[in-house]
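Counting starts at 1 for both ligands and their atoms, in listed order.
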Amino acid sequence: MHRTTCSSTIEYSNSGFEGEVPLKGGGILSGFYRKGVDERIEILKEISGLGEEDIRRLKEGLTIETANVMVENVVGMFQLPLGIATNLKVNDRDYLVPMATEEASVVAAASHAAKLALPEGFKASSTRPVVRGQVQVIGLDDLEASSLRILAAREGLIREANQFAGSLPNMGGGVIDLKVKTFERPRRMLVAEFYIDCRDAMGANAVNTVVEGIAPRIEDLTGGRSLLRILSNLTTERMARSSVVYRRDVIGDEIIEGIIAAYDFAIADPYRAATHNKGIMNGITAATIATGNDSRAVEAGAHAYAALSGRYLPLSKWRRDNKENLVGELELPLALGTVGGATRVHPVAQTALKILGVSGAGELAEVVCSVGLAQNFAALRALVSEGIQKGHMRLHSKNVAIMAGAVGGEIDRVARIMVAEGNVRASRAKEILDEIRGSPSG
Ligand code: MEV
């Protein structure tokens, strides 16, 4: 609970967003969005205990030297804004969530939806962090006999595979199971699947090392040739779940009815389900990137899971409870790490993890899953009421002002005028800018 028990110099209230129903129950960071960047960083210093090094990382970002060892042929940096979603409470603990995204309104929407869920917030859980690694074996005549040979050697193979699992077995993880499956079509093949508890790592390196290491033993046993030796990103053993109740007296019947009808649309039509899930991934991907995790792996797993029944479905579910409140649930495979990979190499990811203050990969997955659910709620709520363009354009108006050449105080001025006129366009921004610059006070 380090967020709510922190220094009294930080103001907490119920008024982070204008025009909302006031909620009881503390933990809301008041008007974070209205502060300047330096003020926000000062607040983070107190709440999350950021030191000078963290602040330098936030301001400086990734250096070219570090970038040059992360990938090949580096020529520069592609940066994304890092925002902080506020008000998120998961399992009775308050979190500030770093989100890296290029899309206006994602951070504000997550914060708003998280706030409307207070004081209870989100209830989340995660499974053991098990990821499967697959060894594809081809050139076999008798799939059944090969399967039986592998299964007969199962215990020994798990022991041997653990020799490639680095420190995981000593940390309570490592290879815990081995299964075999076979396919006749589109070609005859056997797949040996090693189940590996990756502890706090995302696990791609660990899993790939294990399957590459153990594959020759599978070849010896079967007489076949191992071809692919790689993890599966559809981590159905490594799941995160989150649920939330939005009270009827807070959000109103019309919104509840609308969200359930929107959910029905997503069940009925994969074209809508894709966009519904994109709204969820707006939150999940932004937090995944901010923490230095592999967003492509998470996206691949999420969408494959959405289609696992043979039909592409919404990842979340929305219904009424017996008190007519709105209940949301989200479940998806979520392989996120707090150690290893870019989480430790990228300087901003390290600070992001510090801001989150999670104890390990399970807690990170629970928080990120809750962000996804909050994001989904925010999108549906906007879609079934005023539509998303109004809020989106309000936030996007500053981008448009900058694109038209506005600088410093001009940005807010131009943006405000465009929003008031309901005309957020580059051509109008240019006109306003010319007017401002031409005017005596401009
Ligand atoms: C936009 O980034 C996300 C939405 O399209 C999601 C949705 O339609 O549910 C608003």
Side-chain angles (χ1 to χ4, degrees), residues 17 20 33 80-85 88 97-117 122 242-244 246 251-252 254-290 295-296 298-303 305-307 311-320 326-332 334 368-400 403 419 424:
F17 286 82
E20 287 173 13
Y33 73 107
L80 283 175
L82 183 80
I84 302 290
L88 188 78
V97 186
M99 300 176 82
T101 181
E102 89 299 344
E103 185 169 334
S105 53
V106 165
V107 179
S111 306
H112 189 183
K115 185 177 171 191
L116 289 179
F122 295 73
S242 182
S243 64
V244 65
Y246 283 105
I251 63 169
E254 223 174 296
I255 295 284
I256 295 179
E257 203 42 50
I259 287 181
I260 292 172
Y263 169 55
D264 288 342
F265 182 10
I267 295 175
D269 183 359
Y271 285 85
R272 172 55 208 159
T275 321
H276 178 105
N277 290 343
K278 192 271 184 182
I280 294 170
M281 300 314 287
N282 272 346
I284 290 183
T285 302
T288 298
I289 293 174
S295 58
R296 288 87 55 217
V298 169
E299 293 271 357
H303 295 292
Y305 188 68
R311 188 182 163 74
Y312 187 89
L313 291 169
L315 287 162
S316 61
K317 295 189 169 84
W318 294 98
R319 62 179 167 82
R320 281 182 194 270
L326 179 69
V327 179
E329 288 160 344
L330 175 62
E331 176 188 83
L332 79 165
L334 209 44
V368 172
C369 183
S370 303
V371 173
L373 187 55
Q375 205 78 56
N376 184 213
F377 170 81
L380 297 181
R381 179 178 183 262
L383 286 168
V384 303
S385 49
E386 79 272 12
I388 62 157
Q389 282 312 87
K390 199 168 147 211
H392 192 74
M393 278 306 164
R394 186 167 48 79
L395 291 163
H396 186 58
S397 58
K398 288 187 191 173
N399 287 339
V400 176
M403 284 187 297
V419 170
V424 181

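- Here the CG atom belonging to Leu116 is positioned 5.5 Å from the CZ atom belonging to Phe377, to the nearest 0.5 angstrom.
- For ligand 1, the atoms lying closer than 4.0 Å to a non-hydrogen atom of Arg272 are 7 (C), 8 (O), 9 (O).
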Legend entry - Candidate pair Lys317 and Glu331, rule salt bridge (Lys or Arg N to Asp or Glu O under 4.0 Å), full reasoning: CA-CA 9 Å; Lys317 295 189 169 84; Glu331 176 188 83; 5.8 Å; no
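- Using a 4.0 Å cut-off to heavy atoms of Leu383, the atoms of ligand 1 that qualify are 7 (C), 8 (O), 9 (O).
- One finds the CD atom of Glu103 at 12.0 Å from the CG atom of Leu80 (value rounded to the nearest 0.5 Å).
- For atom 1 (C) of ligand 1, the closest non-hydrogen atom on the protein side is Glu103 OE2, 3.6 Å.
- Rounded to the nearest 0.5 angstrom, Leu313 CG and Tyr305 OH are separated by 10.5 Å.
- The protein atom (non-hydrogen) at minimum distance from atom 6 (C) of ligand 1 is Thr275 O, 3.5 Å.
- The contact set between ligand 1 and Gly279, taken as ligand atoms under 4.0 Å from a residue heavy atom, comprises 6 (C).
- Considering backbone and side-chain N/O of Lys278, one or more are found under 3.5 Å from N/O of ligand 1.
- The protein non-hydrogen atom at the shortest distance from atom 3 (C) of ligand 1 is Asn282 ND2, 3.5 Å.
- Using modelled atom types, no side-chain atom of Tyr312 and backbone atom of His303 make a donor-acceptor pair closer than 3.5 Å.
- With hydrogens and angles disregarded, no donor-acceptor distance shorter than 3.5 Å links the side chain of Arg272 to the backbone of Tyr263.
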